[in-house]
Amino acid sequence: MKGNRGFDTAAELRLRHALFQRGHRYRKEYRIVTPSQSCRVDIAFVKRRLAVFVDGCFWHGCPAHGRVPRTNDAYWRPKLQRNVERDRANDAALRAAGWTVVRLWEHAPVDDGVATVEAALAGFD
Ligand SMILES: [Zn+2]
């Protein structure tokens, strides 16, 4: 089972590759220190202050695939709940610092992710 953050997921790599091919330039695994906390952003468009996360379905509680494992529920449920709470806290901290936050599920088709990111970037023009 993959760990929570700390390395690239396949979905994140696919999205980064597609964005790069379409001419976008970004920073990966970019650390943003806000007054309330330090956040690591999967894909950051720094000048535009656009933060993109590709969330793993399991770790981030995807409504379609984010099931809590049946074994050891007492361990997993609070752990996964903390992940979701941390995501929301990161979103709030980044937005308070002037960033736009986009979250994509790892199950989403890469074309949809590209479209979402490009729509967010277009919003700055
Ligand atoms: Zn999912």
Side-chain angles (χ1 to χ4, degrees):
M1 194 172 289
K2 282 193 144 192
N4 183 28
R5 291 256 187 277
F7 52 88
D8 304 333
T9 67
E12 187 183 331
L13 286 172
R14 277 197 301 275
L15 178 65
R16 284 213 311 259
H17 185 69
L19 289 168
F20 191 88
Q21 283 206 315
R22 291 172 63 85
H24 298 293
R25 297 298 178 261
Y26 47 78
R27 301 287 298 275
K28 61 175 182 170
E29 309 300 333
Y30 186 70
R31 182 165 293 283
I32 299 168
V33 179
T34 74
S36 59
Q37 59 196 301
S38 169
C39 310
R40 193 171 64 238
V41 173
D42 294 337
I43 303 170
F45 295 84
V46 177
K47 279 185 196 154
R48 259 91 180 276
R49 295 174 90 79
L50 172 65
V52 179
F53 293 92
V54 181
D55 288 341
C57 294
F58 174 75
W59 291 103
H60 297 268
C62 161
H65 313 108
R67 286 191 209 90
V68 175
R70 281 184 203 152
T71 55
N72 217 350
D73 181 83
Y75 169 78
W76 284 110
R77 191 171 293 278
K79 182 178 178 65
L80 296 174
Q81 183 60 34
R82 277 196 301 277
N83 284 346
V84 173
E85 287 167 1
R86 191 172 54 227
D87 289 343
R88 297 293 85 79
N90 281 340
D91 292 354
L94 289 167
R95 289 189 174 117
W99 285 74
T100 299
V101 179
V102 166
R103 283 192 181 270
L104 305 166
W105 289 113
E106 70 173 346
H107 68 249
V110 66
D111 290 350
D112 290 1
V114 168
T116 301
V117 170
E118 289 187 339
L121 288 170
F124 294 101
D125 292 334

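Everything quoted here is computed from the prediction, not taken from an experiment. Counting starts at 1 for both ligands and their atoms, following the listed order.
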Looking at Tyr26 and Arg16, would you say the former's side chain and the latter's main chain have a donor-acceptor pair under 3.5 Å? yes
Say whether His65 and Glu106, considering side chains only, have a donor N or O and an acceptor N or O under 3.5 Å apart. no
Considering the options Val101, Asn90, Ile32, Val46, which one meets the side chain to side chain contact (heavy atoms under 4.5 Å, CB included) requirement together with Val41? Ile32
Would Arg25 and Phe20 count as a cation-pi pair here, with the cationic atom under 6.0 angstrom from the ring centre and within 45° of the axis? yes
Return the set of protein N, O or S atoms whose distance to the Zn ion (ligand 1) is under 2.8 Å, each given as residue and atom. Cys57 SG, Cys62 SG, His65 ND1, His107 ND1
For Arg49 and Ala97, indicate whether the former's side chain and the latter's backbone hold a donor-acceptor pair under 3.5 Å. yes
Hey, does the side chain of Asp42 reach the backbone of Val54 with a donor-acceptor pair shorter than 3.5 angstrom? yes
